[in-house]
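Working notes, beginning with the structure itself.
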Number of protein chains: 2
Amino acid sequence: MKKNYGIQSVPRMSEEVTRQLIQYIAAEKLKPGSKLPTERQLSERLEVSRSSVREGIRALEILQYLESRQGEGTFVSKPPPYLIPLSIIRKEENLVELHKYYQVSLLHARQILSLGISNQISIDQLQVDQADFWSSFSSLVDFVGKQLLNNYYLEIWQLTNQLLESFDFYLHVTNRFEIDKILEAYNSLNYTALTDYIQQIEEAKIV
Amino acid sequence: MKKNYGIQSVPRMSEEVTRQLIQYIAAEKLKPGSKLPTERQLSERLEVSRSSVREGIRALEILQYLESRQGEGTFVSKPPPYLIPLSIIRKEENLVELHKYYQVSLLHARQILSLGISNQISIDQLQVDQADFWSSFSSLVDFVGKQLLNNYYLEIWQLTNQLLESFDFYLHVTNRFEIDKILEAYNSLNYTALTDYIQQIEEAKIV
DNA sequence: GTCGATTTGTTCGTATGTATC
DNA sequence: TGATACATACGAACAAATCGA
């Protein structure tokens with residue numbers, strides 16, 4: 001009885017290839033322009049078919065991380081994109097790197113809430129859990145973000161926030177914040193108070 | 001002498017598949033959770049091999065746009081991600097959609113320049129073309145952004161800016177802006193003047 | 001300029017694992 | 001339990017592009 005534990009039942013070969021490729025490039029410190037082993041070599045080393053290797057490469061290619069040219073080979077084209085899905089990264093926690101996501105996340109949270117105020121989006125119907133700041137903050141941003149015309153702010157925020165959560169990053173934020181202060185600033189349309197508080201959040205100590 | 005300048009000489013089948021899939025989903029107005037035709041059906045309809053179909057699906061899967069489950073099928077998992085590379089989109093200009101990118105782009109430009117000021121990043125060495133506002137503005141953001149610790153701001157900005165440029169979006173911005181005002185505000189560390197001006201840029205008329 | 005080796009691009013056939021009924 | 005539908009995976013073969021001798 002082998003069932004779906006958690007995310008994915010059976011890891012896909014092509015996904016494994018993607019992971020290995022990222023790891024390989026990092027380990028070998030390959031710069032943009034560097035050539036990767038041929039598909040056949042990768043196929044042998046990783047002990048998967050060439051089809052699977054190709055699928056793995058194709059995924060990294062749409063992220064503009066790799067580029068393969070017929071008759072030449074496959075090359076590293078850019079530094080690893082910030083948007084590599086959770087399922088692929090799964091490396092050790094890197095607080096320095098995660099802190100960058102934290103900043104990007106808060107930038108968008110601030111933007112979403114600011115626009116929420118200026119567009120007079122009411123949050124009366126929102127239920128928040130006073131006890132857990134980050135979960136209630138997430139609910140707030142999510143709630144407001146979904147009602148904005150520009151959905152990209154929310155998308156980037158969700159992406160970064162999701163990543164931070166999955167790595168339990170918020171546990172490393174030692175400062176205690178209060179969701180009430182944010183809700184109060186929001187409801188009283190106090191833009192400066194809101195941004196100031198988010199500024200404080202951004203400057204929190206990470207341990 | 002035919003060289004590969006720019007994009008790509010011959011479009012790849014798998015890339016064509018990704019394009020078609022995006023188009024198909026949009027045309028059929030498929031919601032998250034909707035099932036796509038089977039790989040074999042797609043293979044027949046698009047007249048490509050199953051391998052190519054799979055490669056195309058794999059690319060959209062890492063963007064978390066599709067999700068395929070063995071024994072079940074392939075499903076739409078999320079609305080089209082904002083980060084779909086230029087080579088794939090290539091649809092008609094959609095000013096409404098592009099305007100969202102414009103907003104995201106300016107959000108990051110503002111953040112980059114603000115951090116540039118507070119980190120006292122000098123722009124004395126920067127050469128700008130006074131005549132073309134957007135090209136000089138790009139140079140500025142790029143120049144400052146590269147010197148920040150957090151490279152994700154720059155990455156998102158580059159992504160959106162690149163897309164806007166490729167669709168000649170800036171030609172639709174009728175207002176005339178002056179790069180000097182921005183440079184002056186930046187050099188005099190006048191944070192509010194800077195953000196105010198960028199605010200004006202964001203509110204520009206698009207025709 | 002041609003030839004041959006290398007490498008990615010593409011296809012097809014086959015077998016297997018998984019989910020649903 | 002069995003049957004069906006579907007994705008997963010492999011390997012062989014050939015096409016097309018690139019590069020160097």
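Worth knowing before you read on, the calculation uses all heavy atoms, side chains too, and leaves out hydrogens, waters and symmetry mates. Sequence lines set the chain letters: A, B, ... in the order given, protein chains first and strands last, and positions in each chain run from 1.
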Using whole Å, report how far [atom1] of [X] lies from [atom2] of [N].
X	N	atom1	atom2	value
Glu15(B)	dT10(C)	CD	C1'	15 Å
Leu36(A)	dT7(C)	CG	P	13 Å
Phe75(A)	dT7(C)	CZ	C1'	10 Å
Ile57(B)	dA9(D)	CD1	C1'	15 Å
Gln41(A)	dT6(C)	CD	P	11 Å
Glu61(B)	dA7(D)	CD	P	11 Å
Leu42(B)	dT8(D)	CG	P	13 Å
Glu44(A)	dT6(C)	CD	P	14 Å

Under a 3.5 Å cutoff, is there a donor and acceptor pairing between the side chains of [X] and [Y]?
X	Y	result
Ser49(A)	Ser52(A)	yes
Asn161(A)	Tyr170(A)	yes
Glu97(B)	Tyr152(A)	yes

Taking only N and O in the side chain of [X], is any of them less than 4.0 Å away from OP1 or OP2 of [N]?
X	N	result
Ser68(B)	dC6(D)	no
Thr74(B)	dA7(D)	yes
Arg50(B)	dT8(D)	no
Arg69(B)	dA7(D)	no
Arg54(A)	dT8(C)	no

Have a look at [X] and say if it touches a base, only the backbone sugar-phosphate, or nothing, with a 4.0 Å heavy-atom cut-off.
X	answer
Thr38(B)	sugar-phosphate
Ser52(B)	sugar-phosphate
Glu72(B)	sugar-phosphate
Arg40(A)	base

With a cut-off of under 6.0 Å to the ring centre and 45° to the axis, is Arg176(A) in cation-pi contact with Phe133(A)? no
Kindly determine whether Glu61(B) and Arg12(A) satisfy salt bridge (charged side-chain N to carboxylate O under 4.0 Å, His left out), including the steps that lead there. CA-CA 12 Å; Glu61(B) 206 167 13; Arg12(A) 238 196 307 262; 2.8 Å; yes
Starting the side chain at C-beta, find the nucleotide from dT8(C), dC6(D), dT8(D) nearest to Glu39(B). dT8(D)
Comparing nearest nucleotides in DNA chain D, the 5'-proximal residue of the pair Ser49(A), Gly71(B) is Gly71(B)
